[in-house]
Amino acid sequence: MSDAASKIGIIPWCDLTVPDAAAIRDFYAEVVGWTSTGVDMGEYEDFCMNEPGEGQTVAGICHARGTNAGLPAQWLVYITVDDAAKAASRAVAKGGKILRPPGAMGPQGRYCVIQDPAGAVCALFQKG
């Protein structure tokens with residue numbers, strides 16, 4: 001995620017979690033011209049998707065494995081918050097649900113996945 005990810009309330013990242021990330025990576029490469037960079041996840045590889053030409057990373061496509069197991073197949077936006085755990089608690093207090101409890105996202109920070117009262121899903125991201 002970019003340095004802009006430290007600004008509270010913005011959407012600095014989105015990714016897509018699907019059963020076959022390689023097939024969907026190829027789909028978006030053909031449809032929008034993205035190139036990809038592999039991200040080693042141990043036993044498999046997820047992908048950073050890069051804009052044509054400049055090559056700036058703009059999104060991710062991930063396998064529905066590991067910490068992404070059980071996430072719905074949809075584009076997931078990440079909204080920057082000051083504290084992922086506190087924001088998750090506020091979401092529940094306001095009628096939302098926690099789909100992925102707050103946890104580490106490597107050196108980037110912490111995140112959780114919530115569902116709002118209308119059923120929409122997003123991630124709350126706290127920069128590390």
Side-chain angles (χ1 to χ4, degrees):
M1 289 190 208
S2 70
D3 289 333
S6 60
K7 292 183 179 179
I8 304 301
I10 67 163
I11 299 173
W13 183 254
C14 64
D15 59 32
L16 177 61
T17 297
V18 292
D20 186 352
I24 299 304
R25 171 204 60 198
D26 295 346
F27 171 85
Y28 281 101
E30 288 295 321
V31 172
V32 300
W34 282 341
T35 60
S36 65
T37 305
V39 177
D40 183 12
M41 302 302 289
E43 296 181 16
Y44 59 96
E45 190 173 58
D46 285 341
F47 305 98
C48 285
M49 303 307 292
N50 311 307
E51 68 181 356
E54 299 280 326
Q56 179 178 344
T57 299
V58 294
I61 296 181
C62 309
H63 288 281
R65 299 181 190 170
T67 60
N68 290 337
L71 291 179
Q74 66 184 34
W75 282 101
L76 182 65
V77 298
Y78 289 71
I79 303 169
T80 304
V81 296
D82 59 344
D83 184 304
K86 288 180 182 176
S89 292
R90 292 190 299 260
V92 170
K94 288 299 200 176
K97 297 178 185 174
I98 296 175
L99 302 181
R100 174 86 52 233
M105 181 188 273
Q108 286 115 353
R110 297 180 55 76
Y111 83 109
C112 63
V113 179
I114 64 164
Q115 184 176 46
D116 71 24
V121 175
C122 69
L124 304 177
F125 172 72
Q126 171 189 340
K127 186 165 175 68

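In this chain, numbering begins with 1 at the start of the sequence shown. Atoms considered below: every heavy atom in the structure, side chains included; atoms not considered: hydrogens, waters and symmetry mates.
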Pairwise salt bridge (charged side-chain N to carboxylate O under 4.0 Å, His left out) hits with a residue in residues 31-58, at least two apart | none
Kindly write out the residues that satisfy side-chain hydrogen bond (donor to acceptor under 3.5 Å, both in side chains) with Asn68, not counting sequence neighbours, or none if the list is empty.
-> none
Under the side-chain hydrogen bond (donor to acceptor under 3.5 Å, both in side chains) test, residues paired with Thr57 that sit two or more places apart = Asn50
Please answer: with hydrophobic residues joined when any side-chain heavy atoms are less than 4.5 Å apart, are [X] and [Y] in the same cluster?
{"X": "Trp34", "Y": "Leu16", "answer": "yes"}
{"X": "Val32", "Y": "Val18", "answer": "yes"}
{"X": "Trp75", "Y": "Trp13", "answer": "no"}

Measure the spacing between CD1 of Ile79 and SG of Cys14 and express it to the nearest 0.5 Å.
-> 12.0 Å
Decide yes or no for [X] and [Y]: does some side-chain heavy atom of the first lie under 4.5 Å from some side-chain heavy atom of the second?
{"X": "Pro52", "Y": "Thr35", "answer": "no"}
{"X": "Tyr78", "Y": "Met105", "answer": "yes"}
{"X": "Asp116", "Y": "Cys122", "answer": "no"}

Below 3.5 Å, can you tabulate the donor-acceptor pairs from side chains in residues 84-100 to any protein atom, sequence neighbours excluded?
from: Ser89; atom 1: OG; to: Ala85; atom 2: O; distance (Å): 3.3
from: Arg100; atom 1: NE; to: Thr67; atom 2: O; distance (Å): 2.7
from: Arg100; atom 1: NH2; to: Thr67; atom 2: O; distance (Å): 2.8
from: Arg100; atom 1: NH2; to: Ala69; atom 2: O; distance (Å): 2.6

Grab the two heavy atoms, one from Pro72 and one from Val121, that are nearest each other, plus how far apart they are.
-> CG-CG2, 4.4 Å
Return the minimal non-hydrogen interatomic distance between His63 and Tyr44, and the atom names on each side.
-> CD2-CD1, 3.6 Å
Non-neighbouring partners of Ala22 that pass side chain to side chain contact (heavy atoms under 4.5 Å, CB included), sequence neighbours left out | Asp20, Arg25, Phe47
How would you list, by chain and number, every residue that makes a ring pair (Phe, Tyr, Trp, His ring centres under 6.0 Å) with Phe27, sequence neighbours excluded?
-> none
